[in-house]
Number of protein chains: 2
Amino acid sequence: MKIAIMLYDGITALDAIGPYEVFSASLKCEVKFVAKEKGLIKLDSSMGYLHADYSFSEVTSADVLVVPGCCPPNYKTPMNDEETLNWIRQMDKTTKWTTSVCNGSLILSAVGLLKGKLATTHLGSFDLLKSLGTIPTSERVVRQDKIVTAAGVSSGIDMALQLIAWEMGEDVSKGVQLILEYDPQPPFDAGSPKKAPTLLVEGIGKMLQELAEKEPIV
Amino acid sequence: MKIAIMLYDGITALDAIGPYEVFSASLKCEVKFVAKEKGLIKLDSSMGYLHADYSFSEVTSADVLVVPGCCPPNYKTPMNDEETLNWIRQMDKTTKWTTSVCNGSLILSAVGLLKGKLATTHLGSFDLLKSLGTIPTSERVVRQDKIVTAAGVSSGIDMALQLIAWEMGEDVSKGVQLILEYDPQPPFDAGSPKKAPTLLVEGIGKMLQELAEKEPIV
């Protein structure tokens with residue numbers, strides 16, 4: 001199965017590396033990191049890089065396209081870049097699955113792939129997603145025909161395991177889960193707005209809102 | 001808090017990026033990706049790269065050192081490289097926490113930091129860890145004084161959340177968990193040898209054993 005993971009400056013590393021690691025561990029996928037221009041891709045933390053091995057012009061089809069998210073407001077750059085939107089549009093015509101992680105669903109919305117459809121996003125991006133004509137829902141992994149959106153950051157791991165299960169069956173998905181020892185045991189149970197303390201949810205919501213009003217880092 | 005994440009060719013990306021993302025999301029850590037020589041670092045899948053922004057000579061202290069793991073037998077290269085072992089030894093003299101993810105604990109053992117101590121590793125590396133004089137245990141996160149080892153691949157996320165809790169308190173750890181929406185919902189419950197089907201555990205164990213007998217990819 002051919003997987004294309006789109007990279008762009010200001011991306012959240014785990015949004016991309018979570019799904020990459022799952023597909024890679026299946027031993028049945030060819031994964032390509034693709035960006036407008038190949039080379040180093042600056043992370044949203046400004047503390048490191050990923051690397052795009054391919055440019056858009058070098059990858060024109062895939063079975064699965066993954067559009068990762070980023071720290072707000074770095075999605076503004078790809079959302080306002082016609083070349084990026086056109087590449088996603090062209091890729092989508094070839095895919096079995098077009099997917100996003102975190103606020104990557106904003107970019108799929110900007111492409112026009114989520115109009116009137118249900119999708120999820122990061123907890124800080126629900127209003128923006130709605131303003132783009134998409135119907136936000138807070139499930140962890142949301143499937144609408146061939147479009148699959150995942151919630152914030154770490155949810156791309158669950159989404160990719162689900163895609164592996166749909167495409168290759170339950171045993172392969174379980175095998176990948178075992179190889180990655182994905183038997184989560186976080187010290188607390190605060191990983192969603194429904195579970196975290198209210199004050200924390202409000203504080204982080206406010207911080208994300210303030211970030212969203214700034215300019216992208218690149 | 002200063003975090004140094006050691007990279008080397010043949011590494012497993014998620015072993016490094018899981019902890020990176022947790023420390024980064026705390027907004028209270030400076031994270032540096034460090035390798036023997038800076039530049040692109042080949043992943044164990046041969047399908048991509050991470051990037052070391054610093055060489056060993058440029059980073060000589062940290063509050064937390066993270067030594068990630070890799071697909072067998074890529075640990076052989078750092079385990080047999082005196083410069084790498086010496087760098088870890090020197091770094092450990094400066095750290096509050098010296099940590100590993102997955103079979104990164106084999107490298108800490110080779111340094112001599114785990115002699116007679118309890119540690120965990122990837123499900124495929126228990127025998128090798130024992131042969132190095134360490135006492136293997138299958139907990140997800142194992143603390144021995146200031147040395148913390150985590151189980152396979154994805155467990156580095158849990159370990160880093162735990163370190164954040166110890167160093168910065170429960171609320172910061174919960175806040176990071178919320179920002180990363182780490183509310184895992186894998187489609188199956190097969191993430192540890194105790195939970196996965198026996199046939200799968202045996203098959204993957206055999207595959208890892210065969211891999212361990214090969215030569216490193218670089």
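The structure displayed is predicted, hence computed values, not measured ones. Heavy atoms only: backbone and side chains are in, while hydrogens, waters and symmetry mates are out. Sequence lines set the chain letters: A, B, ... in the order given, protein chains first and strands last, and positions in each chain run from 1.
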Between Ala196(B) and chain A, which part of the residue has a heavy atom less than 4.5 Å away: side chain, backbone, both or neither? side chain

For the candidates His122(B), Met207(B), Glu30(B), which exhibits the highest count of non-hydrogen atom pairs separated by less than 4.5 Å from chain A? His122(B)

Does any backbone or side-chain atom of Val201(B) lie under 4.5 Å from a heavy atom of chain A? Answer side chain, backbone, both or neither. both

Can Glu58(B) and Lys38(B) be counted as an ion pair, charged N to O under 4.0 angstrom? yes

Between the side chains of Ser109(B) and Thr134(B), is a donor N or O closer than 3.5 angstrom to an acceptor N or O? yes

Ion pair Glu210(B)/Lys206(B), N-O distance below 4.0 Å: yes

Cation over ring, Lys174(A) on Phe188(B), under 6.0 Å and within 45°? yes

Mark yes or no: Arg143(A) above the aromatic ring of Trp97(A), with NZ or CZ under 6.0 Å from the six-membered ring centre and no more than 45 degrees from the axis. no

Greatest number of heavy atom pairs closer than 4.5 Å to chain A - which of Glu170(B), Arg140(B), Lys32(B): Arg140(B)

Look at Met159(A), Met47(A), Glu181(A) and state which one has the largest set of heavy-atom pairs under 4.5 Å with chain B. Glu181(A)

Taking side chain as everything from C-beta outward and backbone as N, CA, C, O, which of these in Ile204(B) sits under 4.5 Å from a heavy atom of chain A? Side chain, backbone, both or neither. side chain

Thr137(B) side chain to Thr120(B) side chain, donor-acceptor N/O pair below 3.5 angstrom: no

Taking C-beta and beyond as the side chain, do Ile3(A) and Asp63(A) meet within less than 4.5 Å on heavy atoms? no

Please look at Glu21(A) and chain B and tell me whether the side chain, the backbone, both or neither of the residue comes under 4.5 angstrom of a heavy atom of that chain. side chain

Using non-hydrogen atoms only, which part of Pro193(B) is less than 4.5 Å away from chain A: side chain, backbone, both, or neither? both

Could you tell me if the ring centre of Tyr20(B) sits under 6.0 Å from that of Phe33(B)? yes

Could you report the tightest heavy-atom contact between Ser24(B) and Ser45(A), atom names first, then the distance? OG-CB, 3.3 Å

Is Leu27(A) in contact with chain B via its backbone, its side chain, both, or neither, using a 4.5 Å heavy-atom distance? side chain

Between Leu40(B), Asp44(B), Ile157(B), the one whose heavy-atom pairs under 4.5 Å with chain A are most numerous: Leu40(B)

Go through Leu43(A), Leu50(A), Asp171(A) and name the one with the most non-hydrogen pairs under 4.5 angstrom from chain B. Leu43(A)

Name the member of Leu180(B), Leu208(B), Leu200(B) that forms the most heavy-atom pairs with chain A at distances under 4.5 Å. Leu180(B)

May I ask you to name which of Pro186(A), Ala16(A), Ser173(A) has the most heavy-atom pairs under 4.5 Å with chain B? Pro186(A)

